[in-house]
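For reference, the structure is listed below as structure tokens.
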Amino acid sequence: MYDVLHTERNVTQNDVKINAQGVQVYYGDTHAIKDVSVEIEDKTVTAFIGPSGCGKSTFLRCLNRMNDTIDICRVTGDIRIDGEDIYDKRVDPVQLRAKVGMVFQKPNPFPKSIYDNIAYGPRIHGMASSKAELDEIVERSLRRGAIWDEVKDRLQAPGTGLSGGQQQRLCIARAIATEPEVLLMDEPCSALDPIATAQVEELIDELRSNYSVVIVTHSMQQAARVSQKTAFFHLGNLVEYGDTGKIFTNPEDSRTESYITGRIG
Amino acid sequence: MPLLWLFLGVVAIAAVGYVLGRRRALQSAQGDIRRLHSLPSYYGSNVFIKALVPGIAALLIWLLAQPFYINSTVSGMIPETAIADGSNRGLVMAEVRRTADGLNNAVAVGAMDSNLASDPNADVAVVTQALKDAGQIVTSDITPTVLVAAQSYRAKSNAGRNYMSVLVLLLTVVGAALGLRDSHADFRARNVVEGSVKALLIAAASIAIFTTVGIILSLVFNTLEFFRLYPWTDFFFGLEWAPSFSGRGGSSKLGILPLLWGTFYISIVALAVSVPIGLFAAMYLSEYASPKVRATAKPLLEILAGIPTIVYGLFALLTVGPLLVSVFGKDGLGWMQAGTAVMTAGLVMGIMLIPFVSSLSDDIINAVPQAMRDGSYGLGATKSETIKQVVLPAALPGIVGAILLAASRAIGETMIVVLGAGAAARLSMNPFDAMTTVTAKIVSQLTGDADFASPEALVAFALGMTLFVLTLGLNVFALYIVRKYREQYE
């Protein structure tokens with residue numbers, strides 16, 4: 001199945017969704033991200049790979065200003081989504097995060113029912129004017145999250161009672177429910193078993209038709225399977241960025257080659 | 001042999017045992033520690049424990065049992081005729097013990113010849129005078145019966161002491177010898193020592209539990225005694241609290257309901273003050289405050305918990321009461337007669353409880369995983385929405401537990417009530433009336449010169465028992481709530 005994906009990707013050239021130029025991130029005195037510039041395309045899965053501590057998660061969290069919640073973190077540079085500077089003073093980070101959804105490494109369903117987990121975002125953003133509309137949003141999100149069939153009979157059961165893979169798909173459905181334009185995923189499969197991982201990867205590929213997906217992963221196989229573009233980070237630098245097929249078959253930088261062949265990392 | 005010397009002797013034998021045990025174990029391994037099952041110090045400790053424990057145990061048991069044994073044998077020596085009217089055997093025995101102690105002390109300071117002290121035919125007047133000269137307390141003239149009994153008491157105690165010393169030292173030496181016999185390379189000394197440490201920990205834990213059981217038992221017996229003297233229906237359903245202070249008149253009305261009502265009314269006012277303030281303080285401290293503010297504000301808030309409740313009582317009496325009177329009293333709204341009222345005590349108790357609620361809630365809110373907050377922020381929720389809809393629901397069971405703990409504190413509080421709420425037991429809805437609580441009445445029934453066998457004094461135990469059952473129920477309920485919701489959330 002994935003072999004088919006390999007051959008059909010890179011057929012279309014999409015518009016640039018996120019344009020980051022000269023991004024620097026400091027945690028206190030630590031220089032975590034060093035002058036990273038990258039253009040992320042719309043309706044594309046972009047993978048960030050690199051060894052632990054290389055800054056890929058930090059950079060991902062810059063894209064929806066999640067780093068704002070960390071006191072000692074300082075971000076400079078220019079990050080534009082659809083041409084709009086997201087670090088502009090006039091931008092409300094809360095609004096931004098509704099547009100740029102995020103899925104975390106560990107499934108983190110709220111201690112609420114499955115229904116309320118999905119309805120959380122639409123409720124706080126006032127996306128539904130009636131109960132019926134909200135029901136529809138919940139069903140649509142759960143269907144897109146590829147978990148509807150498993151939970152449709154127990155929407156009032158606590159979301160924390162699901163299995164790990166189901167919880168992660170629930171979190172993805174929850175992120176989709178607010179109709180984001182970009183979906184950030186921070187190692188979404190690292191806490192999942194291979195079967196759940198396969199389900200989530202399949203889901204990511206389906207999401208590509210509607211969203212720009214950015215995924216951080218430690219698994220190079222996963223990056224190769226699900227992404228069209230790959231960025232390799234090393235020690236806070238963006239070493240190489242390009243089409244996934246090219247990065248994995250014919251990397252330009254020797255560090256990239258060393259990493260994907262398992263010599264460094 | 002004085003007790004201290006005996007104790008030191010036991011410890012000394014055990015210490016020698018430690019050294020010998022260690023050495024013997026090392027010898028059996030030809031000085032090579034690696035051939036030993038345990039480190040050498042474990043072999044030493046093994047001997048030390050085996051010497052010390054039987055010796056000290058025998059010492060304690062003997063010390064506890066000896067007075068009972070001697071008391072019963074000596075008290076059998078006193079004929080019925082020797083007990084004066086209006087007195088009883090217990091009083092005579094107290095006299096005997098006092099005389100025996102006096103003789104002991106007089107001999108110890110050299111004021112009396114030891115032969116005279118133990119001479120059964122000695123002149124009573126001479127002995128009495130000698131005791132008085134030696135500065136010993138002798139209430140009445142000692143009768144020959146008492147003197148003989150006291151001498152017998154003294155002789156038996158001294159003999160008992162000697163037997164005890166011999167037995168304790170013997171047990172110590174035997175224990176040390178047994179321990180030494182085991183000190184060879186294959187013996188698992190470490191397991192024995194660790195087992196003893198475990199036994200010590202178990203003993204410490206059971207002391208706490210047995211004390212609780214003892215407290216309950218002492219309450220139960222006195223409560224039953226009270227219910228023999230006073231009908232329980234009147235106690236639990238009586239609407240009036242009016243103990244008579246004249247003594248044994250049966251005219252006391254001892255209904256618990258006015259006291260319970262006062263307790264609950266004051267507690268509710270206190271919780272109405274402390275829960276919102278404490279909870280909001282906790283939310284600010286854990287979610288909004290910068291680490292610097294938190295580091296200063298939290299200890300400051302917790303200082304409130306360290307203030308003695310009597311100081312809060314003074315605050316209620318001197319500051320809050322008059323302040324309330326000036327607003328709600330005769331010159332203001334006219335609802336309040338005097339400074340002591342449910343409102344006064346409730347407000348001050350509420351202030352006292354703020355740190356309980358806030359500190360516990362703060363810890364609980366902090367324990368909500370950051371992943372929950374991230375998840376909510378990631379969906380575009382504001383801080384306030386995140387707290388309201390994610391953090392608080394997740395922390396709710398713990399917060400409920402904290403509130404119930406504060407409630408049982410409020411129910412058990414005494415000093416603030418005594419000083420702030422007055423002493424009148426009444427059933428009233430007006431929060432500006434003086435009322436009183438169960439705890440305050442327990443104090444007032446037991447202090448004073450009431451006869452301990454009268455229902456007016458014994459009612460205190462029934463009150464205490466009721467309060468105990470209530471707060472226990474509340475705590476069990478709190479634990480149940482916390483457990484139930486925890487299952488759902490984790």
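Every chain is numbered from 1, with letters handed out A, B, ... down the list of sequences. Side chains included, hydrogens not; waters and symmetry mates left out as well; all remaining heavy atoms used.
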Measure distances from Val103(A) to the heavy atoms of chain B and classify the residue's part below 4.5 Å as side chain, backbone, both or neither. neither
Would you check if Arg174(A) and Leu379(B) make a side-chain contact, meaning some heavy-atom pair closer than 4.5 Å? yes
Taking Asn108(A) for its side chain and Ala371(B) for its backbone only, find out whether a donor-acceptor pair lies under 3.5 Å. yes
Can you say whether Phe104(A) sits under 4.5 Å from chain B via the side chain, the backbone, both, or neither, judging by heavy atoms? side chain
Residues of residues 383-391 of chain B with any heavy atom under 4.5 Å of a heavy atom in chain A: Glu385(B), Thr386(B), Gln389(B), Val390(B)
Just checking Phe477(B): does its CZ atom have more than 12 heavy atoms from other residues, nucleotides or ligands closer to it than 6.0 angstrom? no
Which region of Pro109(A), side chain (C-beta onward) or backbone (N, CA, C, O), has a non-hydrogen atom less than 4.5 Å from a non-hydrogen atom of chain B, or is it both or neither? backbone
So, taking the atom named CD in Gln105(A) and the one named CG in Asp374(B), what distance separates them when rounded to the nearest 0.5 Å? 11.5 Å
So, Tyr120(A) and Ser376(B): side-chain donor and acceptor under 3.5 Å apart, yes or no? yes
Does any backbone or side-chain atom of Asp71(A) lie under 4.5 Å from a heavy atom of chain B? Answer side chain, backbone, both or neither. side chain
Met372(B) versus Phe110(A), closest heavy-atom pair with distance: O-CE2, 3.4 Å
Hey, can you pull the donor-acceptor pairs under 3.5 Å for the side chains in residues 268-287 of chain B, sequence neighbours left out?
from: Ser274(B); atom 1: OG; to: Ala270(B); atom 2: O; distance (Å): 3.0
from: Ser286(B); atom 1: OG; to: Ala282(B); atom 2: O; distance (Å): 2.8
from: Glu287(B); atom 1: OE1; to: Arg373(B); atom 2: NE; distance (Å): 3.3
from: Glu287(B); atom 1: OE2; to: Arg373(B); atom 2: NE; distance (Å): 3.0
from: Glu287(B); atom 1: OE2; to: Arg373(B); atom 2: NH2; distance (Å): 2.8

Heavy atoms from other residues, nucleotides or ligands near NZ of Lys43(A) exceed 12 (cutoff 6.0 Å): yes
Proximal component of Pro369(B), with respect to chain A [non-hydrogen, under 4.5 Å]: neither
Shortest non-hydrogen contact from Pro393(B) to Lys112(A)? CG-NZ, 4.5 Å
